[in-house]
Amino acid sequence: VPSCSCLPDLREDDQPPCTAENKQVIERQCNVLKSDKFKVCHSLVNPDDFIEICIYDMCQYDGMKSALCDIVQVYVDTCKNHGITIKWRNSTFCPLPCPSRSHYKDCVSPCPSTCSDIFASSLCEKTEECTEGCECDDNYVLSNGNCVPLSSCGCRDDDNNYYSVSSLRSKSLTSKLV
């Protein structure tokens, strides 16, 4: 009978650097995916692999909360691909930071109102699904990525060209000087 001897496994351990104490806290945080909030998706998307990745990443990055939020986002996106929408963010759990004069909503129009198209969101193709994101506060619209008061918007001429307030002011001054 030929004898076989195995070589020792010299590969680095797959376990991330995590103290026992730290790992318990991290496991508890990652297990949020097993909570009732995500239960509606469990039969379609098993959270166990996501929890494993979450624990690994959070240990690797010393408990960094953004690692947890990123994994939860991937789980929620995977659920959405299976037709399940989960509202999971709030002001204390993975809040989405929004610029000034805007606020977080779990369902915003993919066509926000802007200075150059104030009615964009109401005229937007209704088949478009909403997505989570930031929405300008009431009486504010997007202009160059910032929420500005409607009163700061410019206007359109007969050829549908848009002019910002600042360009109108400079044209007005120029025409007065000429």
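With rounding to the nearest 0.5 Å, the separation of OH in Tyr61 from OH in Tyr56 is 8.5 Å. With values rounded to the nearest 0.5 angstrom, Glu27 atom CD is found 10.5 Å from Glu52 atom CD. For the atom pair Tyr140 OH and Ser151 OG, the distance stands at 8.0 Å (nearest 0.5 Å). A distance of 6.5 Å separates CG of Leu96 from OH of Tyr104, quoted to the nearest 0.5 Å.
There is a side-chain donor-acceptor pair under 3.5 Å between Asp77 and Gln73.
Arg89 contributes a side-chain N or O that, together with a main-chain N or O of Cys94, makes up a donor-acceptor pair within less than 3.5 Å. Of the possible polar contacts, one joining the His103 side chain to the Glu135 backbone as a donor-acceptor pair under 3.5 Å is found. Looking at Asn90, its side chain does come within 3.5 Å of a backbone N or O of Phe93 through a donor-acceptor pair. A donor-acceptor contact shorter than 3.5 Å is absent between the side chain of Ser143 and the backbone of Asn146. The backbone N or O of Asp36 lies less than 3.5 Å from no partner atom in the side chain of His42, so there is not a single donor-acceptor pair. Proximity of a side-chain donor or acceptor of Tyr75 to a complementary backbone N or O of Val45 within less than 3.5 Å is detected. The backbone N or O of Cys18 sits nowhere less than 3.5 Å from a side-chain atom of Asn22 that would complete a donor-acceptor pair.
Residues Ile86 and Cys41 form a side-chain contact, since some pair of their non-hydrogen atoms from C-beta on lies under 4.5 Å apart. Considering only heavy atoms from C-beta on, Cys134 stays 4.5 Å or farther from Val108 through its side chain. The shortest distance between side-chain heavy atoms of Cys54 and Leu68 falls below 4.5 Å. Here the side chains of Gln29 and Lys65 are in contact, with some heavy-atom distance below 4.5 Å. Under the 4.5 Å side-chain criterion, counting only non-hydrogen atoms from C-beta, Val141 is not in contact with Cys147.
Clustering ILVMFWY residues whenever any of their side-chain heavy atoms sit less than 4.5 angstrom apart, transitively, puts Val76 in the very cluster that holds Leu44. Residue Ile51 is grouped with residue Ile53 when hydrophobic side chains (ILVMFWY) are merged at heavy-atom distances under 4.5 angstrom, including chains of intermediate members. By the rule that hydrophobic residues join a cluster once side-chain heavy atoms approach within less than 4.5 Å of another member, Trp88 and Val40 end up as members of one cluster.
Enclosure of atom CG in Asn144 is not indicated, since only 12 or fewer non-hydrogen atoms of other residues, nucleotides or ligands lie within 6.0 angstrom. Remark: Asn139 CG is loosely packed, at most 12 non-hydrogen atoms of other residues, nucleotides or ligands lying under 6.0 Å away. Atom CG of Asp62 has 12 or fewer neighbouring heavy atoms from other residues, nucleotides or ligands inside a 6.0 Å radius.
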- Query: Between Cys59 and Ile26, is a side chain to side chain contact (heavy atoms under 4.5 Å, CB included) present by the stated rule, with each step listed?
  - Reply: CA-CA 7 Å; Cys59 282; Ile26 287 170; 3.9 Å; yes
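In terms of heavy-atom proximity, Cys136 sits nearest to Leu142 at SG-N, 3.8 Å. Of all heavy-atom pairs spanning Ser35 and Val32, the tightest one is OG-O, 2.6 Å.
Looking at Asp70, Val72, Thr78 one by one, the single match for side-chain contact (heavy atoms from CB on, under 4.5 Å) with Val74 turns out to be Thr78.
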